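Following: one structure in structure tokens, then a few remarks.
Small disclaimer: the values here were computed from a predicted structure and weren't measured.
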Amino acid sequence: MADQVKPAPAAGPGVEDASFTDNTGKGMGSFPKRGEPVITGINRVGLWSLYIKEVRRFLKVQTQTIWAPAVTTLLFLVIFTVALGREGREVLGVNFATFVAPGLIVMGMMQNAFANSSFSLLAGKIQGTIIDLLMPPLSTGELMTGIVAAAVTRAIAVGGAVALAMLFYPGVNLSMAHPWAVAWFGLMGATMLALMGLLASIWAEKFDHNAAVSNFLIAPLSLLSGTFYVIDNLAPAFQAISRANPFFYVISGFRFGFLGESDIGDTNAALFQSAVGLAVFNLLLAFVVYRILASGWKIRS
């Protein structure tokens, strides 16, 4: 019986192998023609899978990634209210603890958004698993969106945990005067730091590089941006420096959402301009990160 099975004739010169012939794309089990994209538009399944992967990564160690930042931020609140909030001190018409609380919440959100996105590509480069992110059929925009969205999700979770912890601290009032400002400035701040973290993970070659960016850039910009004070108390030169810091607008705008007062300006137009300015800044930052990520710099080498 075996001698009755005739092998398929070999493809001669100029004759294309039938197994590699373009199909018409019709019928069951057929394949599209070569060169035709199988996935058109946004790869929703791939994008969602990447997002869920990143979210599950930090939820797996949520004691470290969510609850530990809440405890650390609460310690900041305790220390500064004991040191500076005695004798009924008020800032912007409220007690010092209520003034400091919103700034600490959004500061924790921003720092953890940076930590989450800065780990994604860097860990892959160090562990040799970066191919798991580069091989799937994800565009540069989808890869960037999945990582940034997961970092923003962690920032929101940390913000909720910090706010929950502060509710039990005496003297803190977290009632919101303008919920839109809380949502907008919190989202813009988390997105900005998520993009910065992704940029840092592209540049960094080891964890020490990433830690240097966090310690010498992110931490000073967030702590010296009006978290514990209003910039009206500073000299004019330092006020100008503070107003050049995008972190200042995030923290002051977020605080405005709770207190209805801020040191950005005396009018609602100043808050609106700050909100639009942060959105434009994030768009420009996203464009820069997209171009660098698409170039493959320090990733595909």
Side-chain angles (χ1 to χ4, degrees), residues 50-78 80 100-124 144-167 174 182-202 204 207 209-228 245-251 253-255 257-258 278 282 285-286 289:
L50 175 61
Y51 169 76
I52 291 297
K53 167 188 171 294
E54 292 293 308
V55 170
R56 287 178 176 174
R57 178 174 61 80
F58 72 76
L59 285 180
K60 191 173 182 179
V61 287
Q62 58 178 293
T63 304
Q64 174 187 350
T65 57
I66 296 178
W67 299 108
V71 174
T72 303
T73 307
L74 187 61
L75 289 176
F76 270 112
L77 179 66
V78 172
F80 279 91
V100 171
L104 288 174
I105 292 173
V106 74
M107 184 182 72
M109 292 174 62
M110 291 191 296
Q111 289 181 345
N112 282 274
F114 177 88
N116 198 81
S117 61
S118 64
F119 183 83
S120 299
L121 293 181
L122 179 58
M144 186 176 74
T145 301
I147 294 175
V148 170
V152 172
T153 302
R154 175 175 169 181
I156 294 173
V158 169
V162 173
L164 180 63
M166 288 184 176
L167 286 176
L174 291 180
V182 174
W184 180 258
F185 286 98
L187 180 62
M188 289 296 101
T191 303
M192 179 174 66
L193 268 295
L195 290 169
M196 289 183 178
L198 182 56
L199 185 60
S201 69
I202 296 173
F207 289 116
H209 294 164
N210 188 39
V213 175
S214 179
N215 293 331
F216 296 108
L217 181 64
I218 302 303
L221 287 177
S222 58
L223 290 172
L224 300 177
S225 56
T227 305
F228 305 102
N245 180 5
F247 288 53
F248 161 73
Y249 297 97
V250 173
I251 291 175
F254 192 81
R255 181 182 289 127
F258 285 94
L278 280 174
N282 279 341
L285 183 60
V289 175

With sequence neighbours excluded, tell me which residues meet side chain to side chain donor-acceptor pair (under 3.5 Å) with [X].
X: S117; result: none
X: N210; result: S118
X: T153; result: Y51

Please table the atom pairs, donor to acceptor, closer than 3.5 Å between any side-chain atom in residues 184-201 and protein atoms at least two apart or in another chain.
from	atom 1	to	atom 2	distance (Å)
W184	NE1	A275	O	3.2
T191	OG1	L187	O	2.8
S201	OG	L198	O	2.7

> Taking all non-hydrogen atoms of both residues, which atom of L174 and which atom of A101 are closest, and how far apart?
Replying inline: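 Closest heavy-atom pair between L174 and A101: CD2-CB, 3.9 Å.
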> What are the two closest non-hydrogen atoms of G108 and V158, and how far apart are they?
Replying inline: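 Looking at all heavy atoms of both residues, the shortest contact is O-CG1, 3.9 Å.
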> Can any side-chain N or O of R255 pair as donor or acceptor with the backbone N or O of G226 at less than 3.5 Å?
Replying inline: yes
> Short question: side chain of N116, backbone of N112 - any donor-acceptor pair under 3.5 Å?
Replying inline: no
Rounded to the nearest 0.5 Å, what separation is found between the [atom1] atom of [X] and the [atom2] atom of [Y]?
X: L164; Y: I105; atom1: CG; atom2: CD1; value: 10.5 Å
X: M166; Y: L77; atom1: CE; atom2: CG; value: 5.0 Å
X: S214; Y: F207; atom1: OG; atom2: CZ; value: 13.0 Å

>> Per the side chain to side chain donor-acceptor pair (under 3.5 Å) rule, what does the pair list look like for residues 67-76, sequence neighbours excluded?
In response: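 Only Q62-W67 qualify under side chain to side chain donor-acceptor pair (under 3.5 Å).
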> Does some side-chain heavy atom of I202 sit less than 4.5 Å from a side-chain heavy atom of L121?
Replying inline: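 Yes; the side chains approach each other to less than 4.5 Å.
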>> F228: which residues meet the ring-ring contact (aromatic ring centres under 6.0 Å, His included) condition with it, sequence neighbours left out?
In response: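 ring-ring contact (aromatic ring centres under 6.0 Å, His included) list for F228, sorted by chain: F80.
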>> With side-chain contact (heavy atoms from CB on, under 4.5 Å) as the criterion, how do L59 and I66 come out once you've worked through the C-alpha distance, each side chain's angles and the decisive distance to 0.1 Å?
In response: CA-CA 8 Å; L59 285 180; I66 296 178; 3.9 Å; yes
>> Can you pull out every salt bridge (charged side-chain N to carboxylate O under 4.0 Å, His left out) where at least one residue sits in residues 57-78? Sequence neighbours excluded, please.
In response: E54-R57
> Stepwise, does the side-chain contact (heavy atoms from CB on, under 4.5 Å) test hold for F114 with V213?
Replying inline: CA-CA 10 Å; F114 177 88; V213 175; 3.6 Å; yes
Report the residues that fulfil side-chain contact (heavy atoms from CB on, under 4.5 Å) with [X], sequence neighbours left out, ordered by chain and then residue number.
X: V182; value: M176, F254, F258
X: A123; value: F119, Q127
X: T227; value: L104, M107, S225, I251
X: I156; value: V152

